[in-house]
Amino acid sequence: LLSVSESGGEVDTLTIIDSTQRATGVTNHRWPSALPDGRGVVFGVFNGVFAEMRIAVATPDKKIKMLAAMGTQPQVTAAGQLMWVNPEGALVAASFVARCLVVTAAPRTLVGDVACDATTQAAFYSITNSGNLAYLQGSLVRPLVRVDRNGAERVLLDSLYAPTGLRFSPDGNRVAMETQAGRRLRIWVYDLQRGTNTPLTFDGQARYPAWHPTQDRVLFSLLAPGLPGRRLYEVQANGSGAPSVVRDG
């Protein structure tokens with residue numbers, strides 16, 4: 001995170017991602033919101049998995065404190081409430097003491113089914129200083145739907161958690177995608193003719209599927225357990241065999 005005076009000038013570094021965070025897949029800090037007294041910033045710690053998004057606070061002396069809160073898009077109100085959207089998509093709030101930077105009560109649910117973008121981990125809500133709340137309703141659990149050229153919809157799969165990155169195979173008969181399951185990002189291939197959904201990955205955080213021109217393999221990016229940084233892998237599109245490294249770094 002960076003900061004700059006409202007009148008412009010030099011840009012200052014507010015937070016740094018250290019080696020410990022990088023080893024767990026953290027790629028950036030996002031969605032900052034200043035505390036009402038201006039003496040700190042709450043933000044989200046992003047590793048690509050919506051269910052693992054963490055809330056943290058940065059102090060003016062550039063120290064980072066992780067809070068006991070899982071979710072995204074944090075904000076502290078003038079009344080001393082820390083609000084955020086949890087991994088289930090509910091907007092929750094808990095009492096927050098800014099001078100101590102601690103949450104002092106268990107979170108309570110304000111509204112459920114707040115629309116979120118699992119790729120950017122944005123949550124679509126806003127609250128005014130007077131306490132009025134506006135939000136977009138939606139769910140992270142979604143169906144996979146195919147729409148023909150006439151606009152007719154057909155549900156292919158129900159209840160996928162945050163599906164994204166859909167890619168048709170060159171012949172148009174299969175779809176590769178990433179979904180979240182068990183706090184893991186996994187690559188799946190759905191066969192449009194057979195109606196089957198086959199998992200291709202099980203370990204690590206797999207993202208960004210792409211079809212090999214031969215259609216027998218799927219390429220993807222993987223953050224593997226115990227290894228720093230992402231690597232390019234490939235795996236058989238029928239689910240047989242283990243993924244293999246194509247390129248390091």
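What's counted below: heavy atoms across the whole structure, side chains too, no hydrogens, waters or symmetry copies.
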Hydrophobic cluster membership, with links at side-chain heavy-atom distances under 4.5 Å among I/L/V/M/F/W/Y: are Phe124 and Leu91 in one?
no
Q: With side chain to side chain contact (heavy atoms under 4.5 Å, CB included) as the test, would you mind laying out the steps for Leu35 and Val41 before giving the verdict?
A: CA-CA 6 Å; Leu35 300 182; Val41 174; over 6 Å; no
| query | Would Leu200 and Val189 satisfy side chain to side chain contact (heavy atoms under 4.5 Å, CB included), going step by step from the backbone distance to the final call? | reply | CA-CA 7 Å; Leu200 303 187; Val189 166; 3.5 Å; yes
Donor-acceptor pair between Thr72 and Trp84 side chains, under 3.5 angstrom
no
For Asp203 and Leu222, the nearest pair of non-hydrogen atoms, with its separation, is O-CD1, 3.5 Å
Examine Phe168 and Leu157 and state if one hydrophobic cluster contains both, with Ile, Leu, Val, Met, Phe, Trp and Tyr joined whenever side-chain heavy atoms are less than 4.5 Å apart. yes
Measure from the side-chain N and O atoms of Thr109 to the backbone N and O of Val111, and report whether any donor-acceptor pair falls under 3.5 Å.
no
To the nearest 0.5 Å, atom CZ of Arg174 lies from atom CG of Asp191 at 7.0 Å
**Q.** Val42 and Met83: CA distance, side-chain angles, deciding distance, side chain to side chain contact (heavy atoms under 4.5 Å, CB included) verdict
**A.** CA-CA 10 Å; Val42 288; Met83 304 176 66; over 6 Å; no
Interatomic distance, CG@Leu192 vs CG@Asn173, rounded to 0.5 Å, equals 7.0 Å
Correct closest heavy-atom pair for Leu67 and Arg54 would be O-NH2, 3.3 Å
Side-chain donor/acceptor of Gln81 to backbone N/O of Phe96, under 3.5 Å
no
Under 3.5 Å, is there a donor-acceptor pair between the side chain of Lys65 and the main chain of Ala58? no
Residues Leu219 and Glu234: closest non-hydrogen pair is CD2-CB, 3.4 Å
Between Arg207 (side chain only) and Arg186 (backbone N and O only), is there a donor and an acceptor less than 3.5 Å apart? no
When rounded to the nearest 0.5 Å, the distance separating CG of Leu166 from CZ of Arg146 is 11.5 Å
Check: Should the ring pair Tyr233 and Phe220 be called parallel, tilted or perpendicular, given that the plane angle runs from 0 to 90° and is split at 30 and 60?
Finding: parallel
Quick check: is Leu156 connected to Val141 through a chain of hydrophobic side chains (ILVMFWY, heavy atoms under 4.5 Å apart)? no
*Any side-chain heavy-atom pair of Thr164 and Glu178 under 4.5 Å*: yes
- Is the backbone N or O of Asp113 less than 3.5 Å from a side-chain atom of Ser139, with the two atoms forming a donor-acceptor pair by type? no
OG of Ser159 to CG of Leu144, rounded to nearest 0.5 Å, is 12.0 Å
Output for pair (Leu185 CG, Glu52 CD), nearest 0.5 Å, gives 8.5 Å
Nearest heavy-atom approach of Val235 to Ala242 is CG2-C, 4.3 Å
To the nearest 0.5 Å, atom OG of Ser95 lies from atom CZ of Arg108 at 6.5 Å
Practice task
Taking Tyr125 for its side chain and Gln73 for its backbone only, find out whether a donor-acceptor pair lies under 3.5 Å.
Solution key: yes
Item to complete: For atom NZ of Lys63, decide whether the heavy atoms of other residues, nucleotides or ligands shown that lie under 6.0 angstrom number more than 12.
Response: no
Subject >> Stepwise side chain to side chain contact (heavy atoms under 4.5 Å, CB included) test for Arg167 and Trp211 >> reply: CA-CA 8 Å; Arg167 296 291 183 271; Trp211 287 90; 4.1 Å; yes
Apply the test side-chain hydrogen bond (donor to acceptor under 3.5 Å, both in side chains) to residues Thr198 and Trp188: give CA-CA distance (whole Å), side-chain angles for both, the deciding distance (0.1 Å), then the verdict.
CA-CA 5 Å; Thr198 304; Trp188 297 70; over 6 Å; no
**Asked** For the side chain of Trp31 and the backbone of Gln121, is there at least one donor-acceptor N/O pair under 3.5 Å apart?
**Response** yes
| field | Asp171 side chain reached by Gln215 side chain, heavy atoms, under 4.5 Å | value | yes
- prompt: Is there side-chain contact between Thr120 and Arg30, with at least one heavy-atom pair below 4.5 Å?
  reply: yes
Check your understanding: Does a side-chain heavy-atom distance below 4.5 Å link Val76 with Pro36?
Key -> yes
For the side chain of Asn150 and the backbone of Ala152, is there at least one donor-acceptor N/O pair under 3.5 Å apart? no
- Task: Identify whether Val114 and Leu133 are in the same connected component of the hydrophobic contact network (ILVMFWY, side-chain heavy atoms under 4.5 Å).
- Result: yes
Is any NZ, NE, NH1 or NH2 atom of the basic residue among Asp12 and Lys62 found under 4.0 Å from an Asp or Glu carboxylate oxygen of the other? yes
In Ile16, Ile64, Ile17, Leu14, the residue satisfying side-chain contact (heavy atoms from CB on, under 4.5 Å) with Leu1 is Leu14
Would the distance check show the side chain of Arg217 and the main-chain N or O of Thr214 forming a donor-acceptor pair, the cut-off being under 3.5 Å? no
Ignoring hydrogens and geometry, is there a side-chain-to-backbone donor-acceptor pair from Thr13 to Thr15 under 3.5 Å?
no
In short, Met53 meets Val45 closest at the heavy-atom pair SD-O, 3.3 Å
All heavy atoms of Val57 vs all of Phe43, minimum pair found to be C-CE2, 3.8 Å
When you group the ILVMFWY residues by side-chain heavy-atom contacts below 4.5 Å and let the links chain together, are Val92 and Met66 in the same group? no
